[in-house]
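Computed from a predicted model, the values in this text were never measured in an experiment.
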Amino acid sequence: METILIIEDDPSMLRGLKDNFEQRGYTVLTAADGEKGLDAALAARPDLIVLDIMLPKINGYEICRLVRAEKLDMPIIMLTAKGEESDILLGLNLGADDYVTKPFSIKELLARANAF
């Protein structure tokens, strides 16, 4: 895996994730809202998407659904504060490959990303 797209609207979270993945040799693309994130996913076709759910413009569930509707099969890890069972099931049923709730361990997230 080489290129990761992180779609996250919290600037400090986005920066921390970007820095951690880059330190491990990944090329990192970022987007701070759902519209830009969807555009980047469709144009760049990254090897992995780390996707927040609660985003401005287009939410993460819709991004996941639209990416899968385009028959793109890159792994998607949802990274979100929405931790109810119904939220998790919705994300997985829309095509996410993994679901991590905030707060989270960066080491665990990196290990999950490496598993793909």
For Asn93, what residues pass the side-chain hydrogen bond (donor to acceptor under 3.5 Å, both in side chains) criterion, not counting sequence neighbours?
none
Hey, quick one: are Leu51 and Val28 part of the same hydrophobic cluster, counting side-chain heavy atoms closer than 4.5 Å, chains of contacts allowed?
no
Residues which pass side-chain contact (heavy atoms from CB on, under 4.5 Å) with Ile88, listed by chain and number, not counting sequence neighbours
Leu92, Tyr99
Where is the tightest heavy-atom contact between Leu55 and Gly60, given as atom of each residue plus distance?
CD1-N, 4.1 Å
Calculate, to the nearest 0.5 Å, the distance between atoms CZ and CG belonging to Arg15 and Asn20 respectively.
11.0 Å
Nearest 0.5 Å, what's the CG-CG distance between Leu17 and Asp10?
9.0 Å
CD1 on Ile6 to CE on Met13, rounded to 0.5 Å
10.5 Å
Cys64 and Gly95: which non-hydrogen atoms are nearest, and at how many Å?
SG-C, 3.7 Å
Expected list for residues 100-109: side-chain donor-acceptor pairs under 3.5 angstrom, two or more places apart:
from   : atom 1 : to     : atom 2 : distance (Å)
Lys102 : NZ     : Glu8   : OE1    : 2.8
Ser105 : OG     : Lys107 : N      : 3.3
Ser105 : OG     : Glu108 : N      : 3.1
Glu108 : OE2    : Arg112 : NE     : 3.0
Glu108 : OE2    : Arg112 : NH2    : 2.6

Rounded distance [0.5 Å steps], CD1 in Ile53 versus CG in Asn59:
8.0 Å
List for me each residue that meets side-chain hydrogen bond (donor to acceptor under 3.5 Å, both in side chains) alongside Asp33, sequence neighbours excluded, and say none if there are none.
none
Check: Asp52 and Asp9 side chains under 4.5 Å, non-hydrogen atoms
yes
Report the C-alpha distance between Tyr26 and Asn114 in whole Å, list the side-chain angles of each, state the deciding distance to 0.1 Å, and finish with yes or no for side-chain hydrogen bond (donor to acceptor under 3.5 Å, both in side chains).
CA-CA 11 Å; Tyr26 293 98; Asn114 287 335; 2.3 Å; yes
Sequence neighbours excluded, which residues qualify as side-chain contact (heavy atoms from CB on, under 4.5 Å) partners of Glu84?
Ser86, Asp87
Those residues at least two apart in sequence (or on a different chain) that pass side-chain hydrogen bond (donor to acceptor under 3.5 Å, both in side chains) with Arg45 are none
For residues Glu70 and Leu42, determine if any side-chain heavy atom of one lies less than 4.5 Å from a side-chain heavy atom of the other.
yes
Test of understanding: with ring-ring contact (aromatic ring centres under 6.0 Å, His included), list the residues that count as partners of Tyr61, not counting sequence neighbours.
none
Is it true that Ile63 and Leu5 fall in one hydrophobic cluster, defined by side-chain heavy atoms closer than 4.5 Å?
yes
Set of residues satisfying side-chain hydrogen bond (donor to acceptor under 3.5 Å, both in side chains) with respect to Arg24, sequence neighbours excluded
none
Non-neighbouring partners of Glu62 that pass salt bridge (charged side-chain N to carboxylate O under 4.0 Å, His left out), sequence neighbours left out
Arg65
Please tabulate, one pair per line, all N/O donor-acceptor pairs under 3.5 Å involving side-chain atoms of residues 72-82, not counting sequence neighbours.
from  : atom 1 : to    : atom 2 : distance (Å)
Thr80 : OG1    : Lys82 : N      : 3.1

Chi angles and distances behind the side chain to side chain contact (heavy atoms under 4.5 Å, CB included) call for Leu89, Glu85
CA-CA 6 Å; Leu89 293 174; Glu85 181 181 40; 3.8 Å; yes
Do you reckon Ile58 sits in the same ILVMFWY cluster as Val50, going by side-chain contacts under 4.5 Å, direct or chained?
no
Any chance you could measure Thr27, atom OG1, to Ile4, atom CD1, to the nearest 0.5 Å?
9.0 Å
Group every Ile, Leu, Val, Met, Phe, Trp and Tyr by side-chain heavy-atom contacts under 4.5 Å, then state whether Leu110 and Leu48 land in the same group.
yes
